[in-house]
Structures are given as structure tokens and as C-alpha cells.
Amino acid sequence: MDTSQYMDLFIDETKEHLQSLNEHVLVLEKEPENEDTINEIFRAAHTLKGMAGTMGFARMQRLTHDLENVFSEIRNGNMKANAKLIDVLFRGLDALESYLDVISSEGNEGTEDNEDIIQDLNSLLEEQNGGEPAGTEKKQEKAKETASGTDAIDRSRIKYDKIPIGEFEKSAIVSAKEEGKNIYGITVYLQEACILKAARAFLVFKSVESKGELIKSVPSTEQIEDEEFDFDFSWILATTESKESIKKLIQNVSEIGEVYIDDFDVPDQLEMKQEEIRPEVVEKPAESAPDPQPAKKAEEPQTQAKKQKAKVGSRSVRVDIDKLDVLMNLVSELIIAKNGLVSTSGTEVQPGETQSFHEQIEYLERVTTNLHESVMKVRMVPIDSVVNRFPRMIRDLNRKLNKKMELYMTGEETELDRTVIDEIGDPLMHLLRNSADHGLESNAERVRLGKPEVGSIFLDAYQDGNNVIIEVRDDGAGIDVEKVRKKALMKGTITEKQAETMTDKDYIDLLFQPSFSTADKITDVSGRGVGLDVVKTKIEALGGSISAKTVAGEGSTFTIQLPLTLAIIQALMVEVGSEKYAIPLSSINGIEDMPKEEIRFVQSKEVIHLRGSVIPILRLHEILNAQKPEEDPDSLVIVVIKKGEQRVGLIVDSLIGQQETVIKSLGHHITNDKLFSGATILGDGEVALILDTNTLI
């Protein structure tokens, strides 16, 4: 069976189960007696094992099975969670995540068996069983139950020999025998560890359906589909294939225990001619192999391009059905509005009918605005899908750095566009590692300073207008500005002359320079100068900004500002020369109309004095190589843009007005020093470039 059509679903659900396991094992470490947590862990591992088995990922299934054995012993009260056990469990979960990464990128689970982890898991079980191999007692009991192979065969034969035969089955068997087909009785026993019994039975039927005709099944196919059976099922099969080939096909399905197949003993009364069968029972069977995924039946086989989709990570979003209902209603209204405009456009608008025409336009505008908002809500995903993995990371850093620390998170329900969510994980991870390594003092130092021995790291998220703010802060020593200054001078990042005029904020901004690190030695956590520069680059690529502030002895705060969406923005349209440009409204601090005499020079740079602040200005004509006006106007239009606490004035020719703009990517073929974040198409079809204010500043 081609399981690739379920790959995206498998990847998404496996991520959720692994995240759930990580979170609950963290709780288990602190609360070893918490029964709800133990039961939740066992359920997640049990489901994960079944999913891996269904998809045919044997290595992943085996490791999950061994993890499940340990969870089962904990659930039964035979084992207690201790530091050694928790460490091995986390190693196992990390290995499962590695399998998932390989599956996402290559479509298979790779060749890593993780024997060391499996051995450690079984060693824990052996210690619990007093040195006996894990599961020894169960194996012995099982051996006693099936001591005689003959007994097992006799037991299985009863299964298919006792299948009740009705008039319909008589007709089908006679027809098949007249066509020269073999009639086999088959009984399949599933392994008792199998959890998705119906799915496994479906795969068995699927493996042989092209080789013959299913005449009768016990239990019925409906009962099998509803999992109303134990671990065995039987059926009568008419086929031209040999018993050996059919048995081999069935045994290729995973989690199959035993397969018994033999010629079906047809009772004497069935040996009748076709014409002797009553005409009302000569129909073909209504029953068919169970399908645990009925919705997938109509799908066409995936193209190679679709199969490659898993290689770039999950592209799916789970949507509340109410949101889809709203979308459907809005699309219906859009069609009504379109029909109204079509009927109006077909005739010449009379003077008295202009009001009706404008009403239709206003109605269309309202519907499209609501449609945009609804689509945005569908694309929004809570950031908890990203931040939920960080408590585990802080726990590992706790041990690696030998520092006691706790992570406190708020605002996990804050929503961001899915495209932003996919990219924000790495920058946040860098900031948290930075707080743990650079920010927090050692345990002994904290005690000496009179601080709590356990350091605190905070991750707060909240919405602010059309932006989402994420703050990462700690109660550590703060940024040592003097240390940054010395390091910058030593590396040649700044000169002595520059250092004389630099403020503390200027020094903090140096931390975002490439290859700049204040660590005294390189470790596997930090010190290589790869961190804050990566964070800044990533955040600005998402149309956001990052700033830092610190208080010596009290801690540091890194603040990330991100747009809610990357798809549609409010922008101010301006003219520079003969060209139109868009400036994102969220970046604009104000607009000034200023006489040209107000421009001053500081260190040969043009600036303006605005309400007590000195603001540098940029002439967009020069930056964009646009056509300059023949005469210098007496009054200058200046758009003041902001990034954190920094402000810059942009001189433009004229303002067109505010407009909702749909951002289109420029693609990979246009390189422009990142001056433009994209382009938009105006109402008249003209293309306007969107200025990247971060780069301009």
C-alpha cells in the first residue's frame, strides 16, 4: 500500500505526540507519583508506536515499543522515575525526533538503530526484574499457552472451518470453482501489541485484494472496521494464486503474528451446478475490505512534487470549522456582489443610478475586507506550538551549564501568521540560550550577591496593535558594557575615536554584529560569535525588529517586534521622481512638512531638529537613483520612520495616500541590497516596490 498520502498527517501528529511526551516527562521528573501524567505518557507512546508501525517505520516503532515497556512498568507501579531513568527517556525522545527529521527530509527513517538507547532501556527493565531479560515471565507464559504447534493449528482451523455459509456464499464458491479458482480458508492472528487493529486488518485485505475475491469474512467487515474483534479474523478467499504466495503477501504486513491458510473444505451440499442456484442470490458481494480512511478513497495517487512537500516541513494548518463557515458565507456574499456589479456594468449607468453603483462598490469593499480578516484568522497559529519545546531545552542547559534555572512563560496563546511561526523558533532558541549562558550568574555567585540561587528566565508574548511583541528577559548580571567595549576595540570592530562618543546603547547594538561574542571560551553552547547576528537577520527578514536593554546586576531584556502577517499590510504610498513606492505604516513615526532652510549638517550628514531630537535624513532620490526635480522645492515632505528608539527622515516628492497592499515576493533573481521587502500591484496595474525600512535605517 502507498502510505505517502498520509505522510503529512503522520509528521504533524508525530510532532504533537513527541511534544506532549517531552512536556509530560518534564512533569514526571518533578512529580513521579502523578498518575494523570503517567497515563498521558503511556497513551501518547502507545499511539506513536501504532502510527509508526502503520507507516512501516520499523526502527521508530521498535524504539517506541521499548519506551512504552518502560512507561508500562512505571504505570503499573513497578518502577519509579529517577534522574537516571528520565535521562534515558529524554535520549529516546531525542532519537525519535531525529527519526522524524529524516522522515521529513528524505521520506524514510534512515539506518540509525539507536541500539545504545534500546540497550539502556532494557537494562532498566532487567534491573527491575532482578536481572531477568525484560518480558521473560510473559514469554514463558506465552510459551506454555502455545506449547504445541499442532494445538495452535487446530485452534486456527476451527476459526475458518466454522464460517457460516449462506445461499450467497454457495453461489460465489460454485462460480469460483467453475472458473478454476482455489478456495482457501485463512485465519490471521495479529500481535497482541498491535493497537490499530482495524487499520492492520485493512492492510492485510489490501495486500491480497488484487489476487482474488473475498467471499466471506468473520467477523464481518463492518465489525472489523469498528474494531469489534479480538486479535484474529478469518475469511474465505477465491484465488488462482498458491497458498504460499498468499501467505507471504499477508506476512509482509507488520505486526502480524501467525497466518494459517488451507484449502477450504466445501460441504457436499455445495457441490451443485450454477443453474441450480436460485436467481435472486447471484449478485456480486456487497461487502468489501474495510477502509479506515474513507475520505482518502477518492484521492488520486500523489505526484512526485506532492511527495516532496514533506521535505520542506509541514505546510498544514488545523482550522476550526466555525472559521471555515465564516469564510464560506463571505465567499457567497462576494459572488452576490460580483453579480450585482456584472448586471450594472452591462448597461449604461444613468445619472440617477450612480448611487446604486457606488453602494455596490462599498458593499464589495466591506465583503473583501471581512474576507481578508477571516483568511488571516485561518492562517493564525498560537505561538505555543513553538515555545512549548523550550522548557525541555532549559532543563538540558540546567545540567550542561551546572546552573539552576527556571523558565516562566506567558502569552503562549498569542497568535502569529503560520509563515512567521515557522521561522521564529530558532531566534527565540538563541536568545534563551544566551540568557542561560551569558545572562545568569553561577549558583555560587548568585548566593554571594544575595539573589535566589535558582535563576529566572522569562518569555512573554503579547499583541500590540498590528504587531506581536516577544520579550526574553532574565534576572542575571546584565550586559557588561565595559567588557563589550574592550572586546570591540581588541577585535577592531570600533576605533578609539569612535569609542569616545559611543553610548551604552551603541555598545549593546555591537552584540548584533556578525562574529561578535563576549564569551571567554568556546563551548558547545556559545562563544563562536554565531547567535545574535543570526537572530537579527532572521527577525528583519520577517519584517520585524529586535532591540536590547540592560540594567547592571538586575538582568537584560531582548524585545522582538513582529508583524501579525507577511501577506497584507497597510502602507503609505509616496512618489519619488516618476516612481511610486510603498512604506509600511507600522514603521512610520510621523510626516513633516519642513522648509529646506531647517536642514542642518552634523559630521557632514544632513539632519533635522524635531521636537527636541536630532534626526538624520535620507534623500530617496539619491538612494533609489530616481529622477530629481528640476528646481529644489522650498518645502520638503519628510516621512519619519522608526525602528525601536531610532528614527530617520525620508525626503519624498509627494504623498499619494494610505493603501492596503498585498505583498508579492520579488523572487530570487532580483538582488538590491535588501532595499525592498517586496512589491505590490496597484489598482491601475502598475507595480510599486515596498521599501524595507530596517535597511534604510
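- Once rounded to the nearest 0.5 Å, the distance linking OH of Tyr99 with OG1 of Thr14 reads 13.5 Å.
- No side-chain donor-acceptor contact under 3.5 Å links His46 to the backbone of Phe42.
- Between Glu441 and Lys451 there is a salt bridge, since a side-chain N of the basic residue sits under 4.0 Å from a carboxylate O of the acidic one.
- Salt bridge absent: Arg59 and Glu112 never bring a charged side-chain N and a carboxylate O closer than 4.0 Å.
- Within the 4.5 Å cutoff, no side-chain heavy atoms of Leu67 are placed close to those of Ile117.
- The backbone N or O of Gly455 lies less than 3.5 Å from no partner atom in the side chain of Lys403, so there is not a single donor-acceptor pair.
- Side-chain atoms of Thr559 and Ile546, non-hydrogen and from C-beta on, never get closer than 4.5 Å to each other.
- Formation of a donor-acceptor pair under 3.5 Å by the Glu415 side chain with backbone atoms of Pro382 is not found in this model.
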*Does the side-chain hydrogen bond (donor to acceptor under 3.5 Å, both in side chains) test come out yes or no for Asn398 and Glu406, once each step is laid out?*
CA-CA 9 Å; Asn398 195 326; Glu406 284 287 343; over 6 Å; no
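- Considering CD1 of Ile479 and CG of Leu511, their distance stands at 5.0 Å, rounded to 0.5 Å.
- One finds no salt bridge joining Glu97 and Lys15 here, because no Lys/Arg side-chain nitrogen approaches an Asp/Glu carboxylate oxygen to under 4.0 Å.
- Judged purely by atom type and a 3.5 angstrom limit, Thr493 has no side-chain atom pairing as donor or acceptor with the backbone of Leu489.
- In terms of heavy-atom proximity, Lys404 sits nearest to Asn443 at N-OD1, 3.0 Å.
- Between the CD1 atom of Ile494 and the CZ atom of Arg485 there is a distance of 7.0 Å, given to the nearest 0.5 Å.
- By the 30° and 60° cut-offs, the orientation of the rings of Phe57 relative to Phe10 is tilted.
- Here the side chain of Ser105 pairs a donor or acceptor atom with the backbone of Val102 at under 3.5 angstrom.
- Closest heavy-atom contact between Ser545 and Asn694: CB-OD1, 4.3 Å.
- Although no hydrogens or angles enter the test, the distance criterion places no donor-acceptor pair under 3.5 Å between the side chain of Asn434 and the main chain of Gly439.
- Summarising the geometry, atom CG belonging to Asp426 is positioned 10.5 Å from atom CD1 belonging to Ile539; distances are rounded to the nearest 0.5 Å.
- Distance check, rounded to the nearest 0.5 Å: CG of Asn22 to CG of Asp94 gives 7.0 Å.
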*For Tyr408 and Asp460, run side-chain hydrogen bond (donor to acceptor under 3.5 Å, both in side chains): C-alpha distance rounded to whole Å, both residues' side-chain angles, the deciding distance at 0.1 Å, then the answer.*
CA-CA 8 Å; Tyr408 301 94; Asp460 305 316; over 6 Å; no
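- Electrostatic pairing of Arg75 and Glu68 does not count as a salt bridge here, judged by no charged N lying under 4.0 Å from a carboxylate O.
- A salt bridge is defined here as a Lys NZ or Arg NE, NH1 or NH2 lying under 4.0 Å from an Asp or Glu carboxylate O, and Arg395 with Asp87 meets this definition.
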*asked:* Walk me through whether Asp474 and Ser435 qualify under side-chain hydrogen bond (donor to acceptor under 3.5 Å, both in side chains).
replied: CA-CA 6 Å; Asp474 60 68; Ser435 288; 3.2 Å; yes
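- A salt bridge links Asp509 to Lys505: at least one charged side-chain nitrogen sits closer than 4.0 Å to a carboxylate oxygen.
- Without hydrogens or angle criteria, Tyr507 side chain to Ala499 main chain gives a donor-acceptor distance under 3.5 Å.
- For Lys549, the NZ atom counts as loosely surrounded, since its 6.0 Å shell holds 12 or fewer non-hydrogen atoms of other residues, nucleotides or ligands.
- For the pair Gly425 and Phe390, the tightest heavy-atom approach, listed with the atom from each and the gap, is O-CZ, 3.8 Å.
- A salt bridge links Arg62 to Glu115: one of the charged nitrogens lies within less than 4.0 Å of a carboxylate oxygen.
- Remark: side-chain polar atoms of Asn76 are paired, donor with acceptor, to backbone N or O of Ser72 under 3.5 angstrom.
- Looking at Lys80 and Ile74, their side chains never come closer than 4.5 Å, going by heavy atoms from C-beta outward.
- Nearest heavy atoms, Leu440 versus Asp475: CD2-OD1, 3.4 Å.
- Within a 6.0 Å radius of CD in Glu13, more than 12 heavy atoms belonging to other residues, nucleotides or ligands are found.
- When atom types are taken as modelled, the side chain of Lys643 and the backbone of Ser587 share no donor-acceptor pair closer than 3.5 angstrom.
- A donor-acceptor pair is defined here as one N or O able to donate and one able to accept, closer than 3.5 Å; such a pair exists between the side chain of Asp506 and the backbone of Thr503.
- Taken from CG in Leu397 to CZ in Arg399, the straight-line distance is 12.0 Å, to the nearest 0.5 Å.
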